[in-house]
Structure formats: structure tokens, C-alpha cells
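Written out below as C-alpha cells is the structure these notes cover.
Counting convention: from 1, in listed order, for ligands and their atoms alike.
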Amino acid sequence: MDTEQPTAEIPTEPVILPRAEHTISRKQIDENSLKVLYRLRRHGYKAYLVGGGVRDLLLGRTPKDFDVGTDATPNQVKKLFRNCFLVGRRFRLAHIRFAGGSLIEVATFRRQATEEDRPEDPSLNPFYAENLFGTPRQDAFRRDFTINALFYDIEDFSIIDHVGGLRDLRDQRLRVIGDPLVRFAEDPVRMLRALEFVARLGFSLDETAREAIYLRSALIAEAAPARLREELMELFRHKVAGHVFANAQGLGLLEYIIPGYQAGPGTLALLDAIDRRTAAGQPVTESLVLAALYYEIFSAGLVAAGDLPIGEVLGRAAKLLIPHCLHFHIASGIRHQAAELLVGCYRLQRGPGRRGQQRFVRHPSFAAALAFYQLCCEAGQGDVELLSAWRQSLTETPKEAPRKRPRRRRRRRKPASSPSQS
Ligand code: ATP
Ligand code: MG
């Protein structure tokens with residue numbers, strides 16, 4: 001595909017905003033990124049700030065990180081920086097590490113692969129398409145969305161826009177570079193990223209992109225599960241999981257991201273509750289995410305089953321979580337924690353005052369289950385009165401009977417024949 005063909009929407013010439021016409025100042029850019037940019041520049045290479053950092057600065061947001069684009073090859077970058085490591089099998093990058101653990105990613109400008117670039121036997125070099133170096137303009141066109149393809153040039157502090165990203169930033173619109181049908185077929189994970197950025201930035205999704213997601217949704221089933229797992233956790237970290245799951249489900253994408261999965265209204269409300277909690281500063285774990293994704297289905301299955309032994313309930317939780325965890329290669333420890341949250345909710349649902357209640361309250365999983373159940377209640381998925389009854393019972397539950405003095409381990413009396421040591 002030639003994404004460089006100018007269209008009605010894509011300008012033939014880049015728009016260049018000189019320093020006086022934009023708001024990005026060097027004070028906003030982290031010191032280590034500036035060091036990298038200046039050093040590349042001093043050695044005669046082009047050096048741009050690229051990607052999400054430029055986008056976020058122009059939107060007045062704090063960037064998560066700053067990425068650098070350059071025409072120096074990874075090996076040339078390595079020669080310039082002592083603290084540089086080349087990484088990435090799929091996408092070769094230079095990582096420059098600084099004291100204090102900060103890390104700057106430097107990528108050589110790349111271009112989109114064409115038919116001619118295809119090696120005779122791609123299996124010998126499966127990532128050839130990701131590593132074809134190109135011009136800055138080509139590098140802008142191989143990126144995913146127009147707002148993610150802006151460059152900040154350290155040479156004169158201007159912003160360079162090859163793809164109409166400045167206009168889309170102004171109009172608060174997320175637009176794919178090139179034909180969305182083609183770009184989503186190339187890399188189906190872009191469909192999920194599109195929904196993520198729309199939610200994070202509060203932008204509208206360009207109509208052609210929306211239609212293309214609807215038409216191409218099934219392709220995402222072929223994406224590497226490890227990548228999807230990571231992107232899904234990103235949604236939670238960015239507090240947009242509820243929004244994106246609802247959108248992805250509406251467009252028919254969700255069932256291909258998590259094979260066969262359907263999020264009920266209760267689940268979507270629960271994800272919203274998690275997002276609100278994350279926004280309030282609480283970290284989100286993968287076990288919590290897993291429990292939230294399956295809580296509604298799990299509870300529905302138990303309603304009809306009546307009172308069950310806990311072992312059986314645990315078995316049901318595991319059975320529900322195993323296919324998901326196998327697909328995404330999620331470790332059994334995480335699965336186990338998620339199952340404990342689900343079973344903990346079941347025990348909470350039975351109410352305080354049952355036999356074994358005190359043992360449950362002292363169990364290490366109790367606090368997490370109670371916090372999770374509170375989220376369920378916030379999402380209309382739990383019994384609020386039951387929750388306060390538990391809270392009340394907690395204040396009344398005696399801690400394990402306090403002992404006056406720490407128990408001394410009694411020494412076993414030694415057989416008379418052994419020599420005394422004291
Ligand atoms: P943030 O880091 O805030 O989530 P970002 O835009 O920096 O957002 P990254 O995932 O860090 O996103 O990627 C950096 C840049 O690399 C993007 O801005 C985009 O230009 C490009 N990019 C990332 N993923 C893709 C992709 N799948 N296809 C094309 N370009 C991509
Ligand atoms: Mg980034």
C-alpha cells in the first residue's frame with residue numbers, strides 16, 4: 001500500500017509550525033530526552049520528539065513518556081551513547097538508560113513495507129516489514145493515527161505535521177492515517193488502540209474508522225494474545241476500560257479480543273466502577289480485572305444452584321477462568337487470586353452469622369473480597385445492606401483471642417542420656 005498518496009484530507013506538503021506559533025516549550029520536555037535529542041543533533045543527525053509525547057504536550061496533558069525519532073540507525077545511536085542497548089525482535093529500537101531508572105526510546109525513521117520489500121522467504125525474517133528505514137515523512141505515514149504522527153524538531157523547535165494531525169487535534173477527532181480498512185488489516189490491534197485513544201482523550205472517532213472496525217473486527221482474533229493482554233491492561237491503567245469495552249462490544253470487536261466473550265450490563269457497570277476507583281488513585285491488578293470480567297456470569301450460575309460447598313464453588317470459578325487464562329497465558333497464581341475474589345463474594349453473599357464466619361473474616365483473602373464486593377455494590381451488582389452488615393459484624397468480630405503473654409514454645413524434655421546444653 002502506498003499511504004503516501006496525498007488525498008483530499010492529507011496535505012502534499014507538511015505543515016510546519018514555527019516555535020512562535022505553538023505552545024510546546026523545552027521546559028516541558030524531560031531533561032534526559034533533551035540530552036538525547038541534542039546529542040543526536042550535534043552529531044549531524046535529525047532528532048525529533050515523536051508520538052504520544054508531542055500529542056499530549058499540545059493538548060496540555062502530561063505525557064507518559066517521550067519517544068525520540070532519528071535518521072541515525074540503531075547501531076549509530078549505540079555508538080553515541082554509552083548507556084544504550086538495542087532491543088526488540090519485532091521492532092528494533094535503541095533504549096538509552098539514565099540514572100534513576102529513566103529510559104528513552106530512540107527509533108530510526110521507518111517506512112511502510114511495499115510488495116517489493118517482501119523477501120522471497122519471509123519466514124527467515126518475519127519482522128522485515130517493521131524494520132525498513134525511511135524518511136521522516138515516510139515515518140509519519142507508517143504511524144497509526146494522525147494525532148500520533150506529529151514531530152517536534154529539536155533543530156528549530158518547530159512542529160512538523162505531514163498527515164493533518166494538527167487539524168485533527170484541533171477538531172478533537174481520531175483519524176487513521178491512510179485507509180482504515182487497509183491499516184486495520186495490517187495490524188488489527190490498531191482497532192483497539194483507536195477505541196482506547198478516543199476514550200482517553202474524549203475525541204470523536206472518524207466515521208470511516210468506525211465502519212472499518214465494524215467490518216474488520218474478526219481480524220483481531222489473529223493478533224498475538226500477549227499483545228492484546230497488554231493492551232487490555234492499558235485500558236485499566238488509563239481508567240477507560242468501561243468505556244472501551246462498551247464501545248468494542250457495540251462494534252462487534254470484543255468477542256474477537258476475548259474469544260466468545262460478552263460483557264453484560266452489570267459487567268460494564270463494574271468496569272466503570274473500577275475506572276472510578278483507579279481515577280481516585282487505587283492501583284488495579286490483573287486478578288481484579290479477571291474477577292470483574294467474570295463476576296456477573298459466575299453469580300448468575302450460582303443463583304440457581306442454591307447452597308453449595310465452598311470446594312465446589314471454587315471449582316466453578318476455576319472452570320470459568322481457565323479458558324481465558326490459557327488463551328492469554330495468565331499465570332495460575334493470578335487466576336487463583338481471581339478465583340478467591342469470586343469465591344469470597346459468594347461467601348459474603350451468604351451473609352455474616354453463618355458457621356465459619358469468624359474463620360473467613362480472619363482469612364487473608366477476606367479484605368480483598370470485601371473491597372471487591374464493595375465495587376460490585378457500587379455497580380449495582382451486590383447487596384448494599386449485606387455489605388454494611390459485614391462491616392458492622394467486623395467491628396463486632398473479636399480478633400483472635402488476645403493472649404496475655406506470647407506463647408513460649410515448650411522445649412521437649414531431652415532424654416536423660418543426652419548431654420545438657422544449658
Ligand atoms: P501513550 O504512550 O500515551 O499510551 P503513544 O501514542 O505514545 O501513547 P505508544 O504505544 O507509546 O503510544 O506508541 C508510540 C507511537 O508509536 C504512537 O504514537 C504511534 O505513532 C506509533 N505506534 C504505536 N503503535 C502503533 C501501531 N500499532 N501502528 C502504527 N504506529 C504505532
Ligand atoms: Mg508512548
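Under the rule for a side chain to side chain contact (heavy atoms under 4.5 Å, CB included), Lys319 has no partner lying at least two apart in sequence or in another chain. Among residues two or more places apart in sequence or in another chain, the salt bridge (charged side-chain N to carboxylate O under 4.0 Å, His left out) test is passed with Glu255 by none. A search for side chain to side chain donor-acceptor pair (under 3.5 Å) contacts involving Glu155 returns Arg41, not counting sequence neighbours.
Taking the six-membered ring where the residue is Trp, Phe151 and Phe109 present tilted rings, their angle falling between 30° and 60°. Between Tyr152 and His22, the ring-plane angle classifies as perpendicular under the 30° and 60° cut-offs.
Among the heteroatoms counted here (N, O or S) of Asp65, OD1 is the one nearest to the Mg ion (ligand 2).
Here the two rings, on Tyr295 and Phe372, have centers that are under 6.0 Å apart.
Closer than 4.0 angstrom to ligand 1 lie heavy atoms from Gly51, Gly52, Arg55, Lys64, Asp65, Asp67, Arg142, Arg143, Asp144, Asn148, Asp187, Arg190, Arg193, Phe197, Arg200, Arg227.
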